[in-house]
Amino acid sequence: MKLLLCALGLLAGSATAGPVFQDRSDALPPHVYAGGWEHFVGGGVALFDCDSDGLPEAFIAGGTNPASLIRNHGAFTFAKAPVPEITGAVGAYPLDIDADGFMDLFVLRVGANVVLRGGPDCSFTDATQDWGLPQSDRWSTAFTAWWEPDADRPTMAIGNYVDRNDPDGPFEACDQNAILRPDAEGYTLQPLTPGFCPLSMLAARDARGRFTLRISNDRHYYVKDGFEQMWDIPQRRYLGQDDGWPQVSLWGMGIASRDLDGDGRDEVMLTSMGDQVLQIARDDGSYSAAPFAIGTYAQRPYTGGDGRPSTGWHAEFADVDNDARADLFIAKGNVDQMPGMATKDPNNLLMQQADGSFVEAGLKAGIASLVRSRGAGLADFDGDGLLDLIVVNRRAPVQLYRNVSKATGAWMRIDLQQAGANRNAIGAQVTVRTHRATQVLQKTVGGGHAGGQALPLHVGLGAATQAQVTVQWPDGTQSVQTLQAGHTHRLTK
C-alpha cells in the first residue's frame, strides 16, 4: 500500500503554532436549516462571487425555511439579498450554465429542483422552465456536473434519495438517479440505475486519470445489496471488480477529493457514521484504505464527553495555514436522536503534517461546535489570504469563523477562464510547483455534502514567494507560467 510519506516529507513549511479561528457568527443575518425527517440530511451552502468584488457570497439551503442569499459587503459585514423564495431546499451548487459570466445555482429540493440564473449585482431569476430542465417530485440530495466535448451546456447528474411514494419504504426504497444531458430543446433526463440513496456525487479524474462519476450512498436506507458506485463517464458504464473497483458499503454522506502527495492522482475522503474513510490512489489506478495511523478516521468525538461513534457530513480539503499541505475539515452531527451515535459531536479540523499524517486541531482552533452540523465551506471571506469557515447546522443558526492564524505561509489564488461554453474550465488540472512542493488540484463541480463552491483555486505556498503553474485545460492543451505569491491570478486560455 502506498503511504503518504516520501513525497509529503519534502513539502514546504515548518510547524506553526496551529490554526486559530474567531467566531464571527454574529456578523451573519439569522438563518436556520429546519424541517422534519426529509431534512435530516442536506443543509448545504453554495459559495461564489456574484458581484465581482473578489469576495464570496453564500446561498444557504433552509429546509422548511426559505433559502437565503447572504451578500458579502467586505470587512466581515453581511446582509441578506433578494432571491426568489425557495422552500424545501436541501442544498445548492454554483456553476455558469449559460457561460454568460454570472454564476447560476442548481438548487436541490424535496420536490421539483430549481435552477436560478445569475445576473448582474447578485440578481437571480428562476430559469428552470426556460432552460428546459425536466421536473419531478423526487427528493434530490446530490449533484455534480461536467462538460462533454463540444457541448454548449454542462451535463448534470442528480442523486435522488428515498422514494417517498413507495408504500413499502423508506427502507430498501432508494429512488433512481438521473443524468441530464443538453439537447436542442433544453435537457433530456436519462435514468441512472440502480440508485442506492446517494448523499454526494463528484465527477472528477479518478486514480486511472479518467473522468468518473463517484457516488457515495447511505446504507441506512439501501440496507443490503448496495455499495459505493463509480460510473465511467466516457464509457457510460459502472465500474466493477474487474476494473479494480471493490464493493464498499458505508453510510456515505460526503465526498472530498484532493491529491495529497503530488502524483497527480486524487485521494478521496468519504464521510460516514463511525469511520471517515480515506481512499489512497494507487499507481495501478485502484484505491486502498489509508492506514489507521494516518489520523483521518475521526471515528469518535475528541471533546464533549460523548464516546459514541461520530457522524460525518460535509468534508473539504483546504490549506488553512498556507503551509503547502492540504488540511481536512469534516462537519459532524447526529442525524437527529440516533441513540447509537454521539449527540455531542464536534466538527473536525485535521491538520496535515510533514509526514502525511493528520492531527486534530478543532478544539484549539476554536471550531469545535457541538450542534448538529451539515454543510460547510472554506473560503476567504475578507480577502486576507487565509481561508475562513462557514458551517450550516440543523435546527441551529449558521456559524461563521474568521481565520486569524499567525505565522502562516504564502498563498496564491488561480482563477481559470476560457472561451466557449465551459467558461470556468471545469475539468482542468492545475499543477503548482515550488522548490519544495508539488501540488495538483482539479477544477470540479460537486462533492461535499449538498453544497460546493465556484471560486478561484486557493493554494498555500509555505515559504515560497513564487510558483510555476501548469494548467492542463479541458481540451488537453497546457500552459505554463511563473506566478507571484499573494495575488489572485486570472489565467485565460
Side-chain angles (χ1 to χ4, degrees), residues 28 42-61 67-72 78 89-97 102-108 116 118 122 124 142-146 154 156 200-204 254-258 266 269 313-320 326-331 373-383 385-392 398-401 403 411 413-417 423-428 430 441-460 488 490:
L28 291 175
V45 54
L47 300 178
F48 58 103
D49 180 6
C50 59
D51 54 11
S52 301
D53 66 353
L55 300 175
E57 275 72 42
F59 180 90
I60 310 174
S68 292
L69 175 62
I70 308 298
R71 192 159 179 183
N72 187 346
F78 304 86
V90 171
Y93 287 84
L95 72 165
D96 191 353
I97 294 175
F102 300 106
M103 283 296 164
D104 312 306
L105 289 166
F106 195 103
V107 183
L108 302 169
L116 298 179
C122 296
F124 287 90
F143 177 85
T144 190
W146 63 93
M156 300 180 285
S200 190
M201 289 177 156
L202 178 62
I255 300 172
S257 177
R258 182 73 173 252
D266 276 17
M269 168 58 66
W313 297 91
H314 182 87
E316 187 170 333
F317 287 108
D319 191 349
V320 301
D327 310 302
L328 175 61
F329 173 82
I330 304 175
S373 297
R374 292 295 189 265
L378 286 154
D380 186 358
F381 285 100
D382 56 358
L386 295 175
L387 294 174
D388 310 301
L389 173 66
I390 187 170
V391 184
V392 183
V398 177
Q399 294 167 309
L400 180 66
Y401 300 93
N403 190 340
W411 58 274
R413 283 188 283 265
I414 300 169
D415 182 17
L416 300 181
Q417 289 195 6
R423 179 182 173 88
N424 299 111
I426 303 303
V430 178
L441 299 87
Q442 296 192 55
K443 186 72 173 178
T444 61
V445 177
H449 179 72
Q453 56 182 259
L455 296 169
L457 298 172
H458 179 100
V459 186
T488 299
R490 175 168 291 178

Any chance you could measure [X], atom [atom1], to [Y], atom [atom2], to the nearest 0.5 Å?
| X | Y | atom1 | atom2 | value |
| --- | --- | --- | --- | --- |
| Leu457 | Gln442 | CG | CD | 10.5 Å |
| Met201 | Ile255 | CE | CD1 | 8.5 Å |
| Asn424 | Asp415 | CG | CG | 7.0 Å |
| Phe329 | Leu387 | CZ | CG | 12.5 Å |

pair [X]-[Y]: side-chain heavy atoms closer than 4.5 Å:
| X | Y | result |
| --- | --- | --- |
| Val445 | Phe143 | yes |
| Leu389 | Leu400 | no |
| Arg423 | Gln417 | yes |
| Pro154 | Leu95 | yes |
| Val391 | Val398 | no |

Evaluate side-chain contact (heavy atoms from CB on, under 4.5 Å) for Asp104 paired with Leu116, printing each intermediate quantity in order.
-> CA-CA 6 Å; Asp104 312 306; Leu116 298 179; over 6 Å; no
May I ask you to decide if the ring planes of Phe48 and Phe124 are parallel, tilted or perpendicular, using 30° and 60° as cut-offs?
-> perpendicular
Considering residues at least two apart in sequence or located in another chain, which fulfil the side chain to side chain contact (heavy atoms under 4.5 Å, CB included) criterion with Ala379?
-> Leu47, Pro56, Phe381, Leu455
Side chain to side chain contact (heavy atoms under 4.5 Å, CB included) filter on Arg71, not counting sequence neighbours, yields Asp51, Glu57, His73, Ala81, Asp121, Cys122
Could you please spell out the steps behind the side-chain contact (heavy atoms from CB on, under 4.5 Å) verdict for Asp380 and Leu386?
-> CA-CA 6 Å; Asp380 186 358; Leu386 295 175; 5.6 Å; no
Step-by-step side-chain contact (heavy atoms from CB on, under 4.5 Å) determination, Leu378 to Asp388 | CA-CA 6 Å; Leu378 286 154; Asp388 310 301; over 6 Å; no
Under 3.5 Å: donor-acceptor pair, side chain of Asp319, backbone of Val459 = no
For Ser200 and His449, indicate whether the former's side chain and the latter's backbone hold a donor-acceptor pair under 3.5 Å.
-> no
For the side-chain contact (heavy atoms from CB on, under 4.5 Å) test, which of Val430, Ile414, Ile426 pairs with Lys443?
-> Ile426
